[in-house]
Amino acid sequence: MRKRFFYLLAGSLTIFLLYGTAEPEKKENKLKQTVKKDHCLSCHTEIDNVPKDFNENDVHRHANLTCASCHGGDPNSDDQDVAMSKSKGFVGAPSKKEIPQFCGKCHSNINYMRTYQPRIATDQVSQYYTSMHGKKLQEGDQNVADCSSCHTAHGIIAVKDPRSTVYKLNIPGTCNKCHGNHELMRKYNLPSNPLEEYSKSVHGIALLKNQDLGAPACNDCHGNHGAQPPGVASVSHVCGTCHASNMDYFSQSPMAKAFQEKNFHGCEQCHSNHLILKPNDEMIGVGKDSKCIECHSEGDAGYSIAKYIYTSISNLKRGYAAADAKYQEVKQKGMNDIDIGFVLQDAKQYIIQSRTMIHTFDSTKIAGKLAEGMGIINRASVMGQKEIDEYYTRRNGFAAATLVFLVFVVALYFKIKDKEKKKS
Ligand code: HEC
Ligand code: HEC
Ligand code: HEC
Ligand code: HEC
Ligand code: HEC
Ligand code: HEC
Ligand code: HEC
Ligand code: HEC
Ligand code: HEC
């Protein structure tokens with residue numbers, strides 16, 4: 001019985017040692033072996049024919065794929081004629097037109113990709129053929145982006161890695177290799193300044209300068225693989241993925257329907273696409289910087305509502321400034337400023353919200369919001385005035401008390417003097 005137990009224990013221990021400790025080593029060996037056996041790379045290194053974009057950190061290398069996984073052939077042979085022979089499945093370097101299918105051999109294969117990284121989507125190739133790039137490649141255009149234009153072919157790094165050509169911060173530069181090329185873009189009648197404009201926009205500054213990864217890069221508006229400019233109907237949706245309230249308000253507005261009928265481009269019509277600047281109140285109204293007067297003129301409803309909104313927002317801002325001045329005075333006089341501060345913060349929120357709400361272009365809705373904001377501003381103003389009044393009441397009270405006291409002291413002085421006189 002004890003002997004059997006001993007054998008069992010020894011057996012388990014052996015199994016444990018074999019698997020528990022040998023497993024990682026086996027993995028290591030496999031990696032080293034494939035690299036050692038990869039005669040493709042060693043010969044190509046020797047003859048100095050390693051592709052220019054080759055990078056040790058390539059994801060495919062890290063996943064133990066070899067040159068032959070993409071190009072076919074036999075990586076175990078050091079004889080060029082054998083290794084790169086058709087009979088061993090060697091396909092050589094794909095032509096530009098063949099590249100999508102070349103990558104798609106694996107990337108469109110769900111079952112294959114699932115054995116590596118189930119989270120990686122498998123729709124890149126089908127998406128790609130819906131894009132302007134894909135359509136033109138099929139027609140034989142040699143200038144459009146294929147998979148390796150955006151990803152490279154031999155230095156592909158995981159998308160979330162900051163070294164990747166398609167890491168969010170690097171995308172504008174990657175697209176700009178072609179879209180900033182004046183000669184090339186002229187052939188297609190396309191502007192070559194998207195990056196230049198984008199870099200000056202709120203989005204470009206947020207992403208490229210402040211590294212705010214919430215701001216859109218080119219692909220957030222155009223798609224990664226399906227790269228297209230958003231169409232007339234979809235611009236608002238593209239912007240709306242991040243600016244949801246603006247989109248909701250605008251799509252319910254009387255203008256949205258008219259925009260669609262007239263093929264106007266939603267948000268882009270007033271904000272532009274690449275050079276989106278920080279908006280200001282002058283964009284509304286009827287002054288020279290107004291967007292509204294590009295389409296509306298004196299006498300129509302849009303014009304009068306634009307004027308009304310501008311005046312109302314200006315009133316609100318003036319009211320806020322006056323209340324804020326009182327608040328500063330209360331602070332300076334050392335009176336209780338805490339509650340007024342909170343109410344003013346609330347008022348500020350209302351001003352911000354009404355700038356979003358103007359996208360309803362509905363005077364009744366905007367008037368409601370502005371009235372609520374004005375109510376809060378008035379409350380802050382009243383509170384401020386009360387503290388200021390209180391300050392003066394206290395000061396006057398103190399002055400009166402001092403005066404009474406002084407009169408009393410003087411009276412007392414004369415009384416004493418009078419008494420002394422009488423005594424003598
Ligand atoms: C013993 C050396 C040697 C080995 C082993 C070798 N190659 Fe090559 N390879 C070359 C040379 C030399 C060239 C360029 C001359 C030519 O075009 O034939 C070349 C060219 C290529 C090209 C470009 C061909 C084209 O269509 O333009 C590819 C791709 C390639 N090799 C991949 C591989 C792969 C994959 C393997 C392993 C399965 C491999 N090579 C193994 C020497 C080698
Ligand atoms: C992820 C797939 C993939 C892997 C892995 C891969 N290649 Fe390529 N290779 C391509 C594609 C796509 C092209 C053609 C497009 C290009 O050159 O950008 C190409 C082109 C080439 C060319 C001809 C053009 C050039 O850049 O010189 C050579 C040579 C080559 N590969 C060698 C290799 C060698 C050697 C390895 C292993 C270290 C390797 N490739 C691994 C996809 C791959
Ligand atoms: C116009 C540039 C462009 C082209 C062309 C392109 N890609 Fe991409 N690709 C991107 C960008 C940008 C991302 C990053 C998306 C993100 O941030 O999630 C990406 C991501 C990927 C990913 C990772 C997706 C995931 O789910 O994690 C794969 C795989 C990929 N691309 C393969 C391909 C293949 C295969 C092709 C050719 C059919 C191709 N790409 C063509 C720009 C491009
Ligand atoms: C032999 C199959 C195969 C081919 C061919 C292939 N890939 Fe991959 N690719 C993979 C596998 C497997 C992974 C996942 C690696 C891992 O485990 O991280 C991957 C990962 C990627 C990623 C990284 C996704 C991420 O962010 O994690 C990109 C981008 C990519 N491939 C692009 C390409 C492009 C572009 C081509 C063509 C030039 C190509 N691949 C050809 C198998 C392949
Ligand atoms: C290898 C060069 C190259 C790269 C890299 C490239 N593009 Fe392009 N792209 C082109 C060319 C050339 C066209 C013109 C196709 C046409 O209109 O016939 C084009 C067209 C487009 C269009 C359609 C424009 C139209 O005609 O309405 C969009 C949108 C676009 N690209 C976005 C992008 C984005 C976004 C990226 C980066 C993620 C990118 N491209 C990367 C070359 C490139
Ligand atoms: C905030 C969203 C957004 C961002 C970010 C953006 N675009 Fe655009 N882009 C648009 C819209 C909307 C259009 C549609 C223009 C039209 O049809 O009126 C457009 C049009 C284009 C076109 C077609 C040419 C034209 O002007 O009609 C190209 C090419 C293009 N963008 C490339 C880029 C590149 C490259 C980047 C990154 C540097 C980029 N875009 C960033 C929204 C964006
Ligand atoms: C991926 C998300 C995203 C998309 C898509 C997007 N934006 Fe933005 N947008 C932002 C972020 C984040 C900011 C704030 C940037 C900053 O910190 O100043 C911003 C700022 C703005 C501002 C300035 C707001 C202010 O008060 O300063 C305007 C206007 C704007 N976006 C309009 C648009 C339009 C129009 C589109 C579509 C063509 C669009 N955005 C698409 C995320 C996005
Ligand atoms: C690109 C052109 C364009 C711009 C810019 C524009 N509008 Fe309009 N707007 C229209 C069209 C078209 C209609 C549909 C009715 C019409 O023809 O007047 C409309 C309708 C309206 C209406 C509804 C009028 C009614 O009869 O009920 C209001 C309100 C309005 N616009 C306000 C504005 C304001 C405020 C601005 C500036 C922020 C502005 N619009 C900028 C084109 C524009
Ligand atoms: C008819 C012109 C017009 C259209 C269309 C329009 N906007 Fe605006 N937008 C304005 C004006 C005017 C302001 C400035 C308001 C202010 O500061 O008083 C503004 C301000 C903004 C702001 C900053 C204020 C805020 O809400 O935070 C954002 C963001 C914005 N717009 C996004 C959008 C988006 C997204 C769309 C499309 C769904 C859109 N806009 C459509 C005229 C327009």
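Computed over heavy atoms, backbone and side chain alike; hydrogens, waters and symmetry mates excluded. Atoms within a ligand are numbered from 1 in the order they appear, just like the ligands themselves.
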Protein heavy atom at shortest distance from [atom]:
| atom | result |
| --- | --- |
| atom 17 (O) of ligand 2 | His154 CE1, 4.5 Å |
| atom 28 (C) of ligand 4 | Ile156 CG2, 3.5 Å |
| atom 39 (C) of ligand 1 | Met84 CG, 3.4 Å |
| atom 36 (C) of ligand 4 | Cys103 SG, 2.9 Å |
| atom 12 (C) of ligand 1 | Ile47 CD1, 3.2 Å |
| atom 18 (O) of ligand 1 | Gln80 NE2, 4.1 Å |
| atom 24 (C) of ligand 4 | Ile120 CD1, 3.7 Å |
| atom 4 (C) of ligand 4 | Cys106 SG, 3.3 Å |
| atom 16 (C) of ligand 2 | Ala153 CB, 4.2 Å |
| atom 23 (C) of ligand 4 | Val59 CG2, 4.0 Å |
| atom 26 (O) of ligand 1 | Ala93 N, 3.2 Å |
| atom 32 (C) of ligand 2 | Pro51 CG, 3.5 Å |
| atom 15 (C) of ligand 4 | Ala63 CB, 3.8 Å |
| atom 34 (C) of ligand 2 | Cys67 SG, 3.5 Å |

Pairing of Glu183 and Lys187 as salt bridge, 4.0 angstrom limit
no

Is there a donor-acceptor pair under 3.5 Å between the side chain of [X] and the backbone N or O of [Y]?
| X | Y | result |
| --- | --- | --- |
| Lys168 | Ala215 | yes |
| Asn273 | Glu268 | no |
| Ser234 | Pro230 | no |
| Asp300 | Tyr303 | yes |
| Asn55 | Asn57 | yes |
| Ser131 | Gln127 | no |
| Asn170 | Ser164 | yes |
| Lys200 | Leu277 | no |

Heavy-atom contacts under 4.0 Å between [X] and ligand 4: side chain, backbone, both, or neither?
| X | answer |
| --- | --- |
| Arg119 | side chain |
| Phe102 | backbone |
| Val159 | both |
| Ile99 | neither |

Step through the shown structure and confirm whether more than 12 heavy atoms of other residues, nucleotides or ligands are within 6.0 Å of [atom1] on [X].
| X | atom1 | value |
| --- | --- | --- |
| Ile47 | CD1 | yes |
| Tyr112 | OH | yes |
| Lys88 | NZ | no |
| Ile110 | CD1 | no |
| Lys257 | NZ | no |

My understanding is that we take every heavy atom of each candidate and find the minimum distance to [atom]. Doing that for [options], which one comes out nearest?
| atom | options | value |
| --- | --- | --- |
| atom 42 (C) of ligand 4 | His60, Lys105, Gln124 | His60 |
| atom 38 (C) of ligand 1 | Cys40, Ala68, Cys70 | Cys40 |
| atom 30 (C) of ligand 4 | Met113, His151, His107, Lys160 | His107 |

Name whichever N, O or S atom of His44 ends up nearest to atom 8 (Fe) of ligand 1.
NE2

Proximal atoms of ligand 1 relative to [X] (non-hydrogen, under 4.0 Å):
| X | result |
| --- | --- |
| Gly73 | 38 (C) |
| Cys43 | 1 (C), 2 (C), 3 (C), 4 (C), 5 (C), 42 (C), 43 (C) |
| Asp78 | 1 (C) |
| Asp74 | 38 (C) |

Heavy-atom protein neighbour under 4.0 angstrom from atom 2 (C) of ligand 1:
yes

Is atom 9 (N) of ligand 1 touching the protein, meaning some protein heavy atom lies under 4.0 Å away?
yes

Which label fits [X] and [Y]: parallel for a plane angle under 30°, tilted from 30 to 60°, or perpendicular past 60°?
| X | Y | answer |
| --- | --- | --- |
| His225 | His151 | parallel |
| His133 | His179 | tilted |
| Phe102 | His71 | tilted |

The atoms of ligand 2 lying under 4.0 Å from a heavy atom of Ser148, numbered in the order shown, are 18 (O)

Which ligand 2 atoms, with their elements, are less than 4.0 angstrom from a heavy-atom of Leu41?
38 (C)

Tell me whether His71 has at least one N, O or S atom under 2.8 Å from atom 8 (Fe) of ligand 2.
yes

Begin with the C-alpha distance, continue with both residues' side-chain angles, and end with the deciding distance and a verdict on salt bridge (Lys or Arg N to Asp or Glu O under 4.0 Å) for Lys369 and Glu372.
CA-CA 5 Å; Lys369 190 83 190 170; Glu372 278 175 57; 5.0 Å; no

Proximity flag [X] to ligand 2, non-hydrogen atoms under 4.0 Å:
| X | answer |
| --- | --- |
| Thr66 | yes |
| Pro94 | yes |
| Leu65 | no |

Do the side chains of Glu390 and Lys333 get nearer than 4.5 Å, heavy atoms only?
no

Any side-chain heavy atom of Ile366 within less than 4.5 Å of one from Ser312?
no

So does Asn49 have any N/O/S atom less than 2.8 Å away from atom 8 (Fe) of ligand 1?
no

May I ask you to list the atoms of ligand 4 that are less than 4.0 angstrom from any heavy atom of Cys147?
35 (C)

Going through the checks in order, is the salt bridge (Lys or Arg N to Asp or Glu O under 4.0 Å) test met by Asp141 and Lys136?
CA-CA 5 Å; Asp141 189 313; Lys136 287 295 160 95; 5.6 Å; no

Under a 4.0 Å heavy-atom limit, does Ser77 contact ligand 1 with its side chain, its backbone, both, or neither?
backbone

Is there a heavy atom of Gly72 sitting under 4.0 angstrom from any atom of ligand 1?
yes

